[in-house]
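Each ligand, and each atom within it, is numbered from 1 in the order the structure gives. Residue numbers count from 1 along this sequence.
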Amino acid sequence: MVFFETISNPTLEMIVPASVVSLAHYVGAIVIIDNVFLPSVFSNALKLGADMVFYSAIKHIDGEGRLLNGFVLETEELITKTLEPFLKHTGGLMSRLNAWLMLKGMETIDMGLGPSGNCH
Ligand SMILES: *Cc1c(COP(=O)(O)O)cnc(C)c1O
């Protein structure tokens with residue numbers, strides 16, 4: 001497994017995913033990218049070849065530092081073979097309060113994204 005941040009926190013060093021992904025896949029490793037500092041609005045790490053991508057929801061979705069949550073994006077195969085069994089056995093699910101706080105944070109997510117408010 002190769003794990004890296006596309007833009008590191010706090011040193012802001014950048015890694016170009018394509019070169020790391022091709023080297024990792026060449027030796028049979030899966031690639032996990034922490035893309036918190038380069039959200040998918042700016043970089044689609046799965047399209048760049050990552051097998052799994054992490055996002056912290058506390059920063060970009062909640063925005064208030066009230067909860068600990070995140071997102072994992074990955075291929076269908078990794079979800080069914082790795083993530084789902086792990087979650088079923090460890091109980092890694094979002095509480096109802098955290099889900100509500102996330103929804104409250106999403107109410108203002110388009111503020112600051114310009115007149116269209118389009119973040120797709
Ligand atoms: C903040 C941060 C995390 C951790 O996110 P939490 O939701 O607070 O656990 C992970 N990676 C990077 C690059 C971050 O900036």
Discussion item. Among all the protein's non-hydrogen atoms, which is closest to atom 9 (O) of ligand 1, and how far away is it?
Written reply: L68 CD1, 3.3 Å

Worksheet item: Is there side-chain contact between V20 and I15, with at least one heavy-atom pair below 4.5 Å?
Response: yes

Worksheet item: Does N35 reach the main-chain N or O of Y55 with its side chain, forming a donor-acceptor pair under 3.5 Å?
Response: no

Fill in: Distance from atom 11 (N) of ligand 1 to nearest protein heavy atom, with residue and atom
D34 OD2, 2.5 Å

Fill in: Nearest neighbour in protein (non-hydrogen) for atom 3 (C) of ligand 1
K59 NZ, 3.7 Å

Practice prompt. Kindly work out whether a path of hydrophobic side-chain contacts (I/L/V/M/F/W/Y, heavy atoms less than 4.5 Å apart) joins L83 to V53.
Written response: no

Practice prompt. Please check if the side chain of T11 supplies one atom and the backbone of S8 the other of a donor-acceptor pair under 3.5 Å.
Written response: no

Worksheet item: For atom 6 (P) of ligand 1, which protein heavy atom lies nearest, and how many Å away is it?
Response: S56 OG, 3.4 Å

Worksheet item: In ligand 1, which numbered atoms sit nearer than 4.0 Å to a non-hydrogen atom of N9?
Response: 13 (C), 14 (C), 15 (O)

Worksheet item: Does V31 belong to the same Ile/Leu/Val/Met/Phe/Trp/Tyr cluster as F3, with side-chain heavy atoms less than 4.5 Å apart forming each link?
Response: no

Worksheet, complete the sentence: Partner of L73 under side chain to side chain contact (heavy atoms under 4.5 Å, CB included), picked from I79, I33, L46, is L46

Response to the item:
Logged contact type for N69 with ligand 1, heavy-atom cut-off 4.0 Å, is backbone

Worksheet item: Numbering the atoms of ligand 1 from 1, which are under 4.0 Å from a heavy atom of F37?
Response: 15 (O)

Worksheet item: How about T75 and E77: does a side-chain donor come under 3.5 Å of a side-chain acceptor?
Response: no

Worksheet item: Any idea which protein heavy atom is nearest atom 8 (O) of ligand 1, and the distance to it?
Response: I58 CG2, 3.5 Å

Response to the item:
So for F54 against ligand 1, with non-hydrogen atoms under 4.0 Å, the contacting part is neither

